[in-house]
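Below: the structure, in structure tokens.
Both ligands and their constituent atoms are indexed starting at 1 by order of listing.
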Amino acid sequence: MNQIQWFPGHMAKAKREAKEKLNLVDLVIELTDARIPESSRNPVITEIINQKPSILALNKADLADPNLTKHWIQHYQEQGQIALAIDAQHQLGLNELKKACKDLMVDFFAKQKAKGVKPRAIRLMILGIPNVGKSTLINRFVGKNQAQTGNKPGVTKAQRWLKIGKEFELLDTPGILWPKFEDPLTGYHLALTGAIKDQLVEMQELSLVLIGHLEQFYPGLLKEFYHLEDYHQEMAAAEILTSLTQTLKLDQDYTQAAERLIFDFRQHKLGSITLDRPIERVNIETNH
Ligand code: GDP
């Protein structure tokens, strides 16, 4: 993980651009990946958002462990942060998200009205690290394929306002910030969910982190899913990777086995799995 470095110049530019956009809007939707709610949250975002009203939306809830999503939402709400889970891809939770935006602006518009200012649409922007689903959410909000999506980090577009009904105007270019982390586990979690390019990480090493996580929190899952031949509970992660390579008949190509495992995880084939776990809550039931 050490080889991943973010250039301070790029970070400063991204921060400046996000701040400029922020001046144009009433509120911010901070988008994260529900499988890694903390790892996909750039601490700089909190600093940039500062006093702006904001809603934290944990996207890709369809891929995450629902029990842990519930816990994370509760965790953020306890910190005074409005938070909810959405699945932009399948348009779930979007009405709740719109309602949360409206609720957040009620006081502001009431004050404006008292001053004699005519009501206007709520101006929104979406902010987040690459791959959390910003373009997908913009597309779904607007209802047409106006924003470009892709599985590659950092797709950018020209800036326009998009109308969402009569009530909202959305900046068509999301604010993009790069992930920022010191803890290597955060880096691994970002890589496992595809937020960091695969070329930057060693796939075998990455697969061992995933195997370790699955064995600890979803025991038996790998054994059952892949019908691992010589599996036993005391196996180390590297032994499981070896067993997987043998079971898949990959002739000691451990990298290919690692890639297959990571691919299956990303494709939701292994089930709904959350990688970031709230530290203070140890006995969380999982969905398996
Ligand atoms: P951006 O880089 O933040 O703009 O992310 P994109 O909108 O390009 O999405 C990245 C990938 O995640 C794409 O392959 C999307 O189809 C996928 N995606 C986005 N939202 C969801 C979601 O809620 N659920 C699932 N399963 N996939 C999603």
- Message: Heavy atoms only: which of G133, S135, A34, G93 lies closest to atom 4 (O) of ligand 1?
- Response: S135
- Describe, in one word, how the ring planes of W72 and H75 are oriented to each other, choosing from parallel (under 30°), tilted (30 to 60°) and perpendicular (over 60°). perpendicular
- Task: For D87, take its heavy atoms, then give the atoms of ligand 1 lying under 4.0 Å from any of them.
- Result: 22 (C), 23 (O), 24 (N)
- Message: For ligand 1, which is the ligand I care about here, please tell me if K60 has any N or O atom under 3.5 Å from one of the ligand's N or O atoms.
- Response: yes
- Message: Any nitrogen or oxygen of L63, side chain or backbone, less than 3.5 Å from one on ligand 1?
- Response: no
- For K134 and I129, indicate whether the former's side chain and the latter's backbone hold a donor-acceptor pair under 3.5 Å. yes
- Does the side chain of Y226 come within less than 4.5 Å of D264's, by heavy atoms? yes
- Query: Which atoms of ligand 1 sit under 4.0 Å from any heavy atom of V132?
  - Reply: 3 (O)
- Message: If we ignore hydrogens and angles and just use 3.5 Å, is the side chain of T245 paired with the main-chain N or O of A257 as donor and acceptor?
- Response: no
- Query: Quick one: does L137's side chain get under 4.5 Å of I86's, heavy atoms only?
  - Reply: yes
- Within 4.0 Å of some non-hydrogen atom of K134, the atoms of ligand 1 are 1 (P), 2 (O), 3 (O), 4 (O), 5 (O), 7 (O)
- Item | N or O contact, P130 vs ligand 1, cut-off under 3.5 Å | no
- Item | Any donor-acceptor N or O pair under 3.5 Å, side chains D62, H268 | no
- Within reach of ligand 1, part of D62 (heavy-atom separation under 4.0 Å): side chain
- Message: Under a 3.5 Å distance rule, please check whether N59 uses its side chain to pair with a backbone N or O of A88 as donor and acceptor.
- Response: yes
- Contact atoms of ligand 1, heavy-atom distance to A88 under 4.0 Å: 23 (O)
